[in-house]
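This report concerns only the one structure given below.
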Amino acid sequence: MRARFLPAGLATAARDYARRRLAPLARRLTPRRVDLPLSTWDLARDPGGSLTLDGVGLEGLLSRWGSPLHVLDARRLLDNARRFTARPAGATRACEVFYSYKTNPVPGVLRLLHAAGVGAEVVSAYELWLAFRLGVPPAAVVYNGPAKSEPSLREALERGVGLVNLNARPDVADLAALARSMGKRPRVGLRVVVPGAWGSQLGERVDNGAAFRAFEEALSHPELEVVALHTHRGAEIASRRQLETFLAPVLAFTDQLHERLGLELEVLDIGGSLACPTVARHSPTTLRLSAAFGCDLLPRPPESVLSIDDYVAAVGALVERHCAAAGRRPPRIFLEPGRALTGNSQLLLCRVMGLRDPDERGLAWAMLDAGVNVAEAVRGEYHQIFPLAAPDGAPQRLYRLAGPTCSPGDVLAPAWRLPELARGDGVAIMDSGAYFVPFSTTFSFPRPGIVVVGHGAGAQPIRRPEAFEDMVALDGGGGS
């Protein structure tokens, strides 16, 4: 029998009816969100219920600097840097840390990190230029990336950057020829991919012999000083087991390089990938239930995630133990953290611009002035959201939080419980220090400014809000 389909209007009505009936049941049967404590980010509420950071009222920052607005917590940033660069008890040396510029390329952030002893990991000609503009010593620069321009490589060699990590075997001969023409001998490493790590266009695989052949070729060029192995898990490292599973084949490959090529690596560069404890990817099922029925989005317990201190200690111990068993001197360990270093040191403030009545699932709509244009990551990750004002005993309501762009896909949270909102109310989206700024766009709206707290008195701007004129500043004449 041929299937018969309901007319569009009846199908929509039937779907809405099903959602209306099923949504309350689905919400009862699924776990209810318990907000992470304010103290997780050193936030507090004053006696009136207003949110503060380091004694600074966040509502006041919005009123002064405009909305949306990023707020950098300098104390947390510098504490993260201190923990990454500390020498763990029992280790022969500390890890050497190079911040992933692409994660949050804000000069005011980078200056604080560099002053704390963190180097620069760059992946483009622009980031290399920025590191030098900020006064980073060449020896404290690691140049990575799959598409390095010849002019940028010339500058890197001319200045003598600390390490150039080549992405693929064809890059070897090209850099050797450039070095020969310049009379330089750069310090280089090769990016390798172990099972379970990011691959595709990034690095040469260990399991099929490509990585070994790339090292073999690099060592045949006297113009190159081959000193490093570079790798990167890509997928987050949230547990000790994930770290061990990643490092085991990396260390086994260093044995192969030593035994078959006589290569004593000076540097083992294991990239980044350490998780931010208060951010986690939503599962597809969680997102579908939240969108269809208003079920809560759930945080990951921060204590279940490998801390910076434990990660650094574990890396050092695993490498040193392996090398001791092999009778070799342990290499210097390079780390290239991004998300784990700056993610939880920044938050995004924004305001409610409009409200709509509840839909068939019982969710009211709240339109924010921050959406996919400045907070795209929130669509797929758990980011705690707090109201800037929360009077004691205020009843909560279930909201669908949408952004300001003219797109039905601009929904940051399909369902989020907040005290009843009014137009103009402020909210804080936590953990905006990783990929919010570099992924932001000028999709119909200018990009937000950034202020820093916890570094001197009060709050100070480190990036002004983008003006309309900035959005067209590169356009030429020819029209009025």
Side-chain angles (χ1 to χ4, degrees), residues 95 100 121 123 142-148 163-176 187-221 224 226-275 281 306 311 314-339:
C95 296
S100 167
E121 184 263 329
V123 298
V142 173
Y143 191 10
N144 294 330
K148 304 177 186 74
L163 183 63
V164 177
N165 280 323
L166 301 176
N167 181 67
R169 184 179 175 185
D171 300 335
V172 172
D174 291 343
L175 185 64
R187 293 165 52 81
V188 303
L190 289 165
R191 179 163 182 167
V192 307
V193 181
V194 296
W198 274 0
S200 60
Q201 75 271 36
L202 300 171
E204 296 284 10
R205 288 170 52 186
V206 167
D207 58 0
N208 65 2
F212 181 85
R213 290 190 293 273
F215 269 97
E216 192 172 36
E217 179 172 345
L219 288 168
S220 72
H221 291 279
L224 305 179
V226 183
V227 298
L229 180 152
H230 178 221
T231 189
H232 187 81
R233 186 171 191 260
E236 72 170 12
I237 297 171
S239 68
R240 170 79 181 232
R241 178 168 184 158
Q242 288 172 333
L243 176 62
E244 292 173 347
T245 301
F246 166 57
L247 278 184
V250 174
L251 293 171
F253 184 60
T254 67
D255 293 341
Q256 185 182 5
L257 293 176
H258 182 264
E259 293 163 5
R260 295 178 58 187
L261 298 177
L263 178 58
E264 189 77 43
L265 289 169
E266 178 188 332
V267 173
L268 179 61
D269 183 343
I270 64 169
S273 298
L274 179 62
R281 295 291 300 178
L306 193 64
Y311 168 80
V315 167
L318 289 168
V319 173
E320 292 194 5
R321 191 180 307 130
H322 180 90
C323 291
R328 299 203 309 273
R329 183 178 60 186
R332 298 161 63 190
I333 300 172
F334 283 14
L335 305 178
E336 299 169 352
R339 182 186 300 274

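Position 1 is the first residue of the sequence; numbering continues from there. Just so we're clear, the structure is a prediction, and the values are computed from it rather than from any experiment.
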I'd like to know if the side chain of [X] reaches the main chain of [Y], judged simply by a donor and an acceptor atom lying under 3.5 Å from each other, with no hydrogens or angles considered.
X      : Y      : value
Arg205 : Asp207 : no
Arg240 : Leu243 : no
Thr231 : Val192 : yes
Lys148 : Asn165 : yes

Any side-chain heavy atom of [X] sitting closer than 4.5 Å to one from [Y]?
X      : Y      : result
Glu266 : Pro331 : no
His322 : Asp255 : yes
Phe246 : Val194 : yes
Leu202 : His232 : no

Neighbour count >12 (heavy atoms, 6.0 Å) for atom CZ, Arg329: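 Counting neighbours around CZ of Arg329, 12 or fewer heavy atoms of other residues, nucleotides or ligands fall under 6.0 Å, so no.
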Between [atom1] of [X] and [atom2] of [Y], what distance do you get to the nearest 0.5 Å?
X      : Y      : atom1 : atom2 : result
His230 : Leu166 : NE2   : CG    : 11.0 Å
Leu274 : Gln242 : CG    : CD    : 10.0 Å
Arg321 : Leu251 : CZ    : CG    : 10.5 Å
Arg328 : Cys323 : CZ    : SG    : 5.0 Å
Phe215 : Leu229 : CZ    : CG    : 4.0 Å
Phe253 : His258 : CZ    : NE2   : 14.0 Å

Stepwise side-chain contact (heavy atoms from CB on, under 4.5 Å) test for Arg281 and Glu236: CA-CA 10 Å; Arg281 295 291 300 178; Glu236 72 170 12; 6.0 Å; no
Derivation of the side-chain contact (heavy atoms from CB on, under 4.5 Å) call for Leu261 and Phe212: CA-CA 9 Å; Leu261 298 177; Phe212 181 85; 3.7 Å; yes
So which heavy atom on [X] is nearest to which on [Y], and how close?
X      : Y      : answer
Arg187 : Val227 : NH1-CG1, 3.8 Å
Leu263 : Val226 : CD1-O, 3.8 Å
Pro170 : Glu204 : CD-OE2, 4.1 Å
Cys95  : Leu335 : CB-CD1, 3.7 Å
Gly272 : Ile237 : O-CD1, 4.1 Å
Asn144 : Glu336 : ND2-OE2, 3.0 Å

Residues Arg191, Asp269; criterion salt bridge (charged side-chain N to carboxylate O under 4.0 Å, His left out); working and verdict: CA-CA 9 Å; Arg191 179 163 182 167; Asp269 183 343; over 6 Å; no
Evaluation steps, side-chain contact (heavy atoms from CB on, under 4.5 Å), between Leu268 and Ile270: CA-CA 6 Å; Leu268 179 61; Ile270 64 169; 3.8 Å; yes
Contacts of type salt bridge (Lys or Arg N to Asp or Glu O under 4.0 Å), residue Asp174, not counting sequence neighbours: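 Asp174 satisfies salt bridge (Lys or Arg N to Asp or Glu O under 4.0 Å) with no residue once adjacent residues are dropped.
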Pairwise side chain to side chain donor-acceptor pair (under 3.5 Å) hits with a residue in residues 208-219, at least two apart: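 Side chain to side chain donor-acceptor pair (under 3.5 Å) check on residues 208-219 returns Arg169-Glu217.
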